[in-house]
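Remember, it's a predicted structure, so these values are computed and weren't measured experimentally. Below, chain A is the first sequence line, B the second, and so on; all start at residue 1.
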2 protein chains.
Amino acid sequence: MLTIGQLADYAGVTTKAVRHYHERGLLAEPERDASGYRRYTAGDAVELVKIRTLADAGVPLARVRGLLDAEPDVLATAIAEIDRDIADRVAKLRRTRERLAQLRGGDRLFVSPGVADHLDELRELGMSERHIRLERDGWILMRTAAPAEAEAWLAEKRELMGDPEFRALCVDFDAAFDWPADDPRLPGLAARLRAWHAGREAAPESPPVRDPGIARLAEVSLPGGSSPAWDRLARLMSGPERLADNERAPLT
Amino acid sequence: MLTIGQLADYAGVTTKAVRHYHERGLLAEPERDASGYRRYTAGDAVELVKIRTLADAGVPLARVRGLLDAEPDVLATAIAEIDRDIADRVAKLRRTRERLAQLRGGDRLFVSPGVADHLDELRELGMSERHIRLERDGWILMRTAAPAEAEAWLAEKRELMGDPEFRALCVDFDAAFDWPADDPRLPGLAARLRAWHAGREAAPESPPVRDPGIARLAEVSLPGGSSPAWDRLARLMSGPERLADNERAPLT
DNA sequence: CTTGACCTTCCCCCTGGGGCAAGGTTCCAC
DNA sequence: GTGGAACCTTGCCCCAGGGGGAAGGTCAAG
């Protein structure tokens, strides 16, 4: 006859766990001796090892209870299912390991693969990390707001990246972020941007105008989404007639 | 700007979980809009995906908190450790699968491999399942009471199994379980058992007398541990002078 | 103007036990 | 035979990592 501690040691569990199994109805309460101690038989030890084997396999205790006295065929079916479940969990853990390996390097984790590839292209162009983060966050917002459209927009933008003038504009626009608001290069850049937009709209397929939306979203929602030079660029592009006006109070 | 539901969808979690992360200090509480709704930025989405990636890897939330803003080298070290941990868990799951596969077939799960092999030998001898269960439970009790000695006893018993007379005695003793108490074969069997014991004790190396202890343990603690014929056998062996006495009241 | 889908806080529930308290036992050594 | 250590008993609260649902406020569409 075993005490609860001896029984627990045999199965490699704590006495707490054994009492827990009693409460859950997994293991029958054994006889008590004269002083109220529980007294177990070897049969209880076998039962406890069964319980632990199933529990170690991740079977919830509530289900273990049903399985202990199940018919052999029911048990076999359940075991097959549990085995499949373990295989799934192993596969999932493997995938998690792969994701984890990417956690060191970059943004691929946080966005869809397409966006990650796009960000890599921008990085290769030599664009600033600040801009790349801005771009990443913009795509996150878009994908959340409108997943299907975001995919289409992304495809469109990646196609545009094939245009050397567009790439140059992207790089220069990025660089302009740090310029002073009265930098003499700003009007020229604004003109190039407007010219490029005009060329786009004259093209046979006219894609939906999306940039304003994106830009506003990113500007409003993200810290560091704008700078004095970018603000002035926006004013320069919205209408050259008010240029002189803004010229005189660029830092308001 | 995202609502809590949109944010949760992006990361594939529930709004409950997001609020939980706020409570745990994993994710900073964002600004509220005029009606008290939380309003999130894309940066929060990135942060949330980070949290989930680590949590999916099995990192406790309390530790995730520390890792989110860790220096790259600290993070790299932690990730390496987490990766090792996952590999361990995968290995453990594989072992569990193997154990699970044995759950269908027999007793190997519940006892040490040595005992399991011994039980297989008994089975091959043609001994009853009842007896094998009794034997199994006896070894469980012994291993629990005295692990080291149990190993030695087991080795000894398995050596004895090499003796054809011992094997024959085992089989006959098992068969006697179901005999009636007044079966005429019992005195003969008792004589053979006593002769064999006598031979053992006369042998050069005299191993410790262990059978009485085991037998008592098993009888006392296990249901179905004895029968009228076995009881009579025990009396026959303990002293032939009282044989006639017991002959007259075998079923007391 | 209603209806359904959101959002808010609050509180209790689950699993699988762990920790600790307050008290009774048993065993082993001295 | 008498400590003291190591058991045992019940009872209660605690943890992670959320889930469920109540009770109420809000928002957008038809």
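Using a 4.0 Å cut-off, no side-chain N or O of Arg32(B) falls inside it from OP1 or OP2 of dG25(D). At least one side-chain nitrogen or oxygen of Arg24(B) sits closer than 4.0 Å to the OP1 or OP2 atom of dA16(D). Using a 4.0 Å cut-off, some side-chain N or O of Thr3(B) falls inside it from OP1 or OP2 of dC7(C). At dC7(D), none of the side-chain N or O atoms of Thr15(A) fall inside 4.0 Å of OP1 or OP2 (strictly under the cut-off). Look at Ser35(B) and you won't find any side-chain N or O under 4.0 angstrom from OP1 or OP2 of dT8(C). For dT9(D), one of the phosphate oxygens OP1 or OP2 lies less than 4.0 angstrom from a side-chain nitrogen or oxygen of Arg38(A). A close approach under 4.0 Å does not occur between any side-chain nitrogen or oxygen of Arg19(A) and OP1 or OP2 of dG17(C).
Atom OH in Tyr21(B) sits roughly 8 Å away from atom C1' in dG17(D) (whole-Å rounding). One atom, CD1 of Ile4(B), and another, C1' of dT8(C), lie 10 Å apart when rounded to the nearest Å. Across the protein-nucleic acid pair, Gln6(A) atom CD and dC8(D) atom P stand 8 Å apart, rounded to whole Å. Distance, His22(B) NE2 to dT9(C) P: 9 Å, rounded to whole Å. Counting to the nearest Å, the P atom of dC6(C) and the CG atom of Leu7(B) are 15 Å from each other. To the nearest angstrom, C1' of dC8(D) lies 14 Å from CG of Asp9(A). Residue Arg63(B) contributes atom CZ, which lies 16 Å from atom P of dA16(D) at whole-angstrom precision. Rounded to whole angstrom, the span from the CE atom of Met1(B) across to the P atom of dC27(D) amounts to 15 Å.
Few gaps surround CD on Glu29(B); more than 12 heavy atoms of other groups in view lie less than 6.0 Å from it.
Where Gly5(B) and Lys16(A) meet DNA chain C, the nucleotide closest to each residue was compared, and Gly5(B) sits on the side nearer the 5' end. Checking Glu29(A) against Leu61(B), the closest nucleotide of DNA chain D that is more toward the 5' end is the one next to Glu29(A). Between Tyr37(B) and His20(A), it is Tyr37(B) whose nearest contact on DNA chain C lies nearer the 5' terminus. If you find the closest nucleotide of DNA chain D to Gly36(A) and to Thr14(B), the one lying nearer the 5' end belongs to Gly36(A).
Ion pairing of Arg38(A) with Glu31(A) is absent here, as no side-chain N (NZ or NE/NH1/NH2) approaches a carboxylate O to less than 4.0 Å.
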Chi angles and distances behind the salt bridge (Lys or Arg N to Asp or Glu O under 4.0 Å) call for Arg63(A), Glu81(A): CA-CA 13 Å; Arg63(A) 192 159 174 221; Glu81(A) 186 200 325; 3.3 Å; yes
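In this structure, a donor-acceptor pair under 3.5 Å is absent between the side chains of Arg65(A) and Tyr21(A).
Side chains of Leu93(B) and Arg89(A) form a contact here, defined as non-hydrogen atoms less than 4.5 Å apart.
If you check every strand for non-hydrogen atoms under 4.0 Å, Arg65(B) touches nothing.
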